[in-house]
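Here's the structure we're looking at; comments come further down.
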Amino acid sequence: MTTIATQFGIKAALAQLGIQDINEGTSTGTQSFATGAILESYSPVDGQLIAKVKTTSAADYEKVMQAAIEAFQSFRLIPAPQRGEMVRQFGEKLRQNKEALGKLVSYEMGKSLQEGYGEVQEMIDICDFAVGLSRQLHGLTMHSERPNHRMYEQYHPLGVVGIISAFNFPVAVWSWNAALALVCGDVCIWKPSEKTPLCGIACQNILSEVLKENNLPEGISCLINGDYKLGELLTSDSRIPLISATGSTRMGKIVAQTVAGRLGKSLLELGGNNAIIVTPDADIKMTVIGAVFGAVGTAGQRCTSTRRLIIHESVYDKVKTALVAAYQQLRIGNPLDQNNHVGPLIDTDAVEKYNKALEKAVIEGGKILVEGAVLSGSGYESGCYVQPAIVEAENSFEIVQQETFAPILYLLKYTGTVENAIAIQNSVAQGLSSAIMTTNLREAELFLSTAGSDCGIANVNIGTSGAEIGGAFGGEKETGGGRESGSDAWKVYMRRQTNTINYGSTLPLAQGIKFDL
Ligand code: UN1
């Protein structure tokens with residue numbers, strides 16, 4: 001029998017990425033310590049077991065930590081551009097492995113193959129960005145108030161950075177953190193989602209080769225696998241100055257409190273409840289493409305997925321009809337088959353949450369426009385495939401206020417001016433991504449102004465998902481306030497030091513204070 005894994009070259013991809021039937025899930029570079037329980041990784045694509053992973057015990061964790069601390073002692077002293085060269089080589093290896101890694105992402109996580117490749121492309125892009133950055137880790141110089149004094153600031157590496165990533169971007173989000181942290185001179189310990197451990201191992205294997213080829217210590221990049229208890233070891237560990245965590249708001253609140261309790265720094269990328277405002281002047285064709293991709297791309301499991309459409313009453317029916325027609329065209333099925341638009345949800349728990357959300361929407365008074373359904377039969381054996389749904393709702397519904405990681409799009413109507421739509425858009429607890437579809441300059445600029453969107457990302461005539469790595473990525477309010485990836489996000493991975501140098505022969509004090517002996 002030809003399985004999906006053989007038909008789509010998954011077996012070959014796994015072999016290329018160094019993934020065996022049972023993998024050592026704990027590793028610093030090429031060296032592995034793994035004595036914890038076995039974690040099995042099943043594909044949501046066909047429900048098949050892909051491989052087993054040995055998890056990290058508390059004792060293993062301690063060994064990994066020691067290796068990381070030791071590696072930091074030497075790695076921090078390597079000039080930043082040389083660390084950049086290492087990241088450049090990593091980017092090259094990602095180019096060579098793009099196809100294999102993209103396939104694994106698609107098969108283990110369930111996103112479409114194109115999106116799997118796109119994720120690896122984000123990794124390559126952030127490596128390129130980090131290479132340039134390795135020569136630009138600069139601080140400011142200031143004029144001292146004292147004569148013959150010079151004052152400036154410089155950035156030093158922080159130490160061990162803990163990275164906790166989610167299943168939905170099983171490789172890219174780690175790389176946003178790791179590529180920057182590495183050029184900054186930090187070493188990393190990564191705990192990927194338990195739902196996508198093989199993606200973590202594949203990345204680790206690729207980076208390990210680079211470390212080995214450059215005779216660099218293995219502890220520079222460490223991988224640990226396990227459940228939330230392992231996460232707790234990481235977040236409560238005062239040897240880790242920075243924890244970067246991506247996941248739900250519920251998880252982020254626990255991480256933030258634990259890290260703050262020891263006065264560590266945290267960088268949080270949590271839930272979104274992203275909306276597109278559609279004004280009377282919107283280009284309807286562009287709106288439909290942006291909204292459909294935003295709502296059903298990655299089966300609605302991006303933190304940037306479009307969850308709400310806030311449509312002006314004058315174009316409401318037109319947009320609604322166009323959307324319903326577009327949803328009829330959607331092909332749901334094996335994400336490795338490029339004829340399909342929508343792949344499976346990550347697991348059957350996610351399917352249950354999707355069902356519950358739709359039920360709740362109806363109980364609260366929502367009107368179903370495109371019916372949801374769990375698909376069964378040939379090709380849907382994993383039980384993770386669902387029909388993307390559209391519901392007419394109110395922003396005040398409890399379910400609309402929540403982030404459901406599934407392809408459910410809520411249509412909300414607004415009347416009057418764009419200020420009303422902006423108020424609806426901002427009336428949720430989350431603040432990640434937002435967009436406006438309009439050809440009206442006044443509306444667009446108002447949306448981007450201080451009186452406009454309160455989100456970390458605000459787009460004009462683009463959907464809410466698919467941000468480029470060059471910008472700082474993250475959001476406000478319950479999204480956690482962190483910024484990753486481009487712009488000056490690197491600063492969080494370093495400690496800032498202000499230096500004042502007296503090159504004169506007297507010791508004047510600041511603020512004019514006299515202290516004569
Ligand atoms: C996420 O869902 O956690 O903007 C990250 C986007 C992607 C990243 C999403 N570049 O949709």
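Numbering starts at 1 and runs along the sequence shown. Just so we're clear, the structure is a prediction, and the values are computed from it rather than from any experiment. Order of listing sets the numbers, starting from 1, for every ligand and every atom in it.
For the 3.5 Å distance criterion, the side chains of Arg308 and Asn395 qualify, holding a donor opposite an acceptor.
Trp174 has its ring centre no less than 6.0 Å from the ring centre of Phe169.
Under the rule for a side-chain hydrogen bond (donor to acceptor under 3.5 Å, both in side chains), the partners of Gln89 that lie at least two apart in sequence or sit in another chain are Glu85, Asn214. Listed by chain and number, the residues in a side-chain hydrogen bond (donor to acceptor under 3.5 Å, both in side chains) with Lys477 are Asp454 (sequence neighbours excluded).
Side-chain contact between Asn177 and Glu484: present, with at least one pair of heavy atoms (C-beta onward) separated by less than 4.5 Å.
Within the structure, the ring pair (Phe, Tyr, Trp, His ring centres under 6.0 Å) test picks out no pair touching residues 114-135 (sequence neighbours left out).
Listed by chain and number, Glu122, Asn168, Phe169, Trp176, Arg302, Cys303, Thr304, Ser465, Gly466, Ala467, Phe473 each place a non-hydrogen atom less than 4.0 angstrom from ligand 1.
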